[in-house]
*Asks:* 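First the structure, which I've put down as structure tokens, then a few questions once you've had a look.
Here is how names work: the chains are called A, B, and so on, in the same order as the sequence lines, proteins then strands, and each is numbered from 1.
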Protein chains: 2
Amino acid sequence: MRQQLRSLTLIQGSDINRKPGRPKGGKSEQTRERILDAAEQLFADRGYDGASIRDVAAAAGLQIHSISYHFGPKEQLFDAVVARRADIMTGLRGAALETARQQAGAAAIPIKQLVRDYASPFIQSASHGDVGWRNYAALMGRLANSPLGTEIIARHYDDMAREYITELQRALAGADPEDVVEGFSAMVAAMLGICAATGRPERLSGRNAQRPPEESFEALVRFHTAGFLALTIA
Amino acid sequence: MRQQLRSLTLIQGSDINRKPGRPKGGKSEQTRERILDAAEQLFADRGYDGASIRDVAAAAGLQIHSISYHFGPKEQLFDAVVARRADIMTGLRGAALETARQQAGAAAIPIKQLVRDYASPFIQSASHGDVGWRNYAALMGRLANSPLGTEIIARHYDDMAREYITELQRALAGADPEDVVEGFSAMVAAMLGICAATGRPERLSGRNAQRPPEESFEALVRFHTAGFLALTIA
DNA sequence: TATTTATTTGTACGTATGTATAATTTAATG
DNA sequence: CATTAAATTATACATACGTACAAATAAATA
């Protein structure tokens with residue numbers, strides 16, 4: 001939205017299209033990242049309506065208007081927060097899918113691999129990534145069943161989701177395609193639940209600390225792979 | 001909170017403890033229900049922070065202060081909304097569990113029956129109940145991964161959840177108990193996702209209308225039963 | 001009917017909200 | 001250095017928020 005059409009001549013010194021004045025995107029890219037980090041954390045902690053633009057500005061060490069200057073109205077800021085890491089996530093999933101397709105050749109990709117490849121980037125990022133990824137994971141969990149959330153998720157995640165669903169349906173030829181979509185939705189919900197860090201699993205199992213997400217991930221893969229396979233049995 | 005200790009002598013005319021003045025809970029019980037209905041819908045549509053007390057009052061056809069008069073501050077109203085139908089839900093699940101225990105005798109309750117008995121009351125209410133149940137289901141979906149939501153869910157749902165988990169662990173003696181908790185969480189997340197009516201399954205499958213929740217329910221039972229059973233295989 | 005309490009209304013307070021406008025500072029240019 | 005545009009600051013606006021207080025009304029009693 002605020003991206004500039006860079007001039008075509010690449011050598012900066014001899015740039016003939018170069019207009020006078022301070023160029024865009026110099027130092028401000030850091031500022032934008034700082035705003036997104038702050039917004040990510042606050043939206044994750046308090047939700048979309050619970051976090052104010054003022055909170056974000058204060059957390060980023062800026063004045064209020066700097067937020068809307070860089071991102072426009074609140075909803076666009078929210079979208080930008082989701083989009084930033086969604087693009088990374090989609091890149092990882094796309095690469096994994098390409099590899100899997102090459103490995104499988106003409107055959108269908110194994111269910112277990114599809115489950116693993118879709119859930120792994122998210123769970124790995126949420127558990128091994130920096131605090132930003134943890135905040136992002138919590139935020140995505142909150143978004144899951146809200147109108148605004150699903151709208152934004154649709155924009156940034158549905159295309160790749162459909163690719164995985166297509167492969168799942170191919171691997172589960174005997175199953176009702178709608179059941180496969182149902183299974184995919186269940187898998188995503190479980191993945192988000194693991195990373196949301198709500199503390200409910202601990203409360204239900206009597207544990208005092210959160211289970212390492214890798215263990216949860218392995219359980220998820222086994223559980224949902226078996227679930228998918230059960231859909232083929234009429 | 002605002003319930004009164006009814007006098008012990010049951011015959012109203014000869015009530016010796018009866019104090020003068022207008023008695024509590026007469027017409028106001030309808031008002032309370034009307035407030036809860038309005039709050040339920042608004043919280044479901046806009047979330048806790050997105051729905052204001054003024055909105056609730058207007059939807060119920062009352063002045064602002066009537067809300068806090070009956071329910072205290074906003075968070076207690078929210079809790080009351082969740083609690084009302086949580087009690088019904090817990091009653092149904094408790095009755096189903098008792099029946100299942102009697103049927104099973106000394107043996108473990110079958111996994112499929114536990115999955116069915118836990119998810120069925122919610123999905124049936126959300127699909128066949130009145131609009132209030134549909135709103136409630138959407139609200140519970142929104143709550144699932146938020147801090148305030150999990151706090152309230154813990155208060156009203158965790159006891160019965162632990163009972164079902166105990167039975168699941170008994171039926172899955174070979175499985176890691178923590179994996180079983182993980183599976184239970186996945187089942188709940190899927191159940192909420194089905195009833196949240198976000199439109200995402202339709203978007204992912206190309207359907208134009210929502211799938212009948214009964215079909216989704218049958219798929220959920222098959223999927224998650226198989227998932228649980230897979231946890232016993234080392 | 002007079003009295004007592006439950007319930008509802010009307011109004012107000014202090015603060016927080018998203019957004020917009022104008023002025024200022026910063027960083028590059030020729 | 002003068003100039004141009006980006007980036008930041010400062011301030012303001014109109015509205016919405018949760019909560020509280022005082023008054024009025026309603027429904028039962030003796």
*Asks:* Using C1' atoms of five pairs at each end, report the bend of the helix from C/dT1-D/dA30 to C/dG30-D/dC1 rounded to 10 degrees.
*Replies:* 0°
*Asks:* Would you mind checking if B/Asp79 and B/Arg155 are paired as a salt bridge, meaning a charged N to carboxylate O distance below 4.0 Å?
*Replies:* yes
*Asks:* Distance check needed: D/dT8 P versus A/Gln30 CD, whole Å only.
*Replies:* 10 Å
*Asks:* Taking A/Arg203 first and then B/Asp158, would you say they form a salt bridge - that is, a charged N and a carboxylate O separated by under 4.0 Å?
*Replies:* yes
*Asks:* For D/dA7, take OP1 and OP2 only and decide whether either is under 4.0 Å from a side-chain N or O of A/Ser66.
*Replies:* no
*Asks:* Answer yes or no for A/Arg93 and A/Tyr118: cation-pi contact, defined as NZ/CZ to six-membered ring centre under 6.0 Å and angle to ring axis within 45°.
*Replies:* yes
*Asks:* Once you round it to whole Å, what is the distance between P of D/dA23 and OH of B/Tyr69?
*Replies:* 18 Å
*Asks:* So, B/Arg162 and B/Asp159, do they make that salt bridge, N to O below 4.0 Å?
*Replies:* yes
*Asks:* Do the side-chain N or O atoms of A/Gln63 get closer than 4.0 angstrom to the phosphate oxygens (OP1, OP2) of D/dT8?
*Replies:* no
*Asks:* For A/Leu62 and D/dA10, give me the distance from atom CG to atom P, rounded to whole Å.
*Replies:* 11 Å
*Asks:* Say whether, by atom type as modelled, one donor and one acceptor occur between the side chain of A/Arg34 and the main chain of A/Ala60 under 3.5 angstrom.
*Replies:* yes
*Asks:* Below 4.0 angstrom, N of the basic side chain to O of the carboxylate: do B/Arg211 and A/Asp179 qualify?
*Replies:* yes
*Asks:* Just how far, in rounded Å, is C1' of C/dT7 from CZ of B/Arg34?
*Replies:* 12 Å
*Asks:* D/dG18 C1' sits how many Å from B/Ile67 CD1, rounded?
*Replies:* 12 Å
*Asks:* So if I define the base as every atom that isn't primed, P, OP1 or OP2, how would nucleotides 14-21 of chain C read as a B/S/- string at a heavy-atom cutoff under 4.0 Å?
*Replies:* ---BBBBB
*Asks:* Could you check whether any side-chain heavy atom of B/Ile194 comes within less than 4.5 Å of a side-chain heavy atom of B/Phe217, counting everything from C-beta outward?
*Replies:* no
*Asks:* B/Tyr48: what forms a side chain to side chain donor-acceptor pair (under 3.5 Å) with it, not counting sequence neighbours?
*Replies:* none
*Asks:* Tell me the interatomic distance from A/Glu29, atom CD, to D/dA6, atom C1', rounded to whole angstroms.
*Replies:* 14 Å
*Asks:* Give a yes or no on whether a salt bridge exists between A/Glu40 and A/Arg84, defined as a side-chain N under 4.0 angstrom from a carboxylate O.
*Replies:* yes
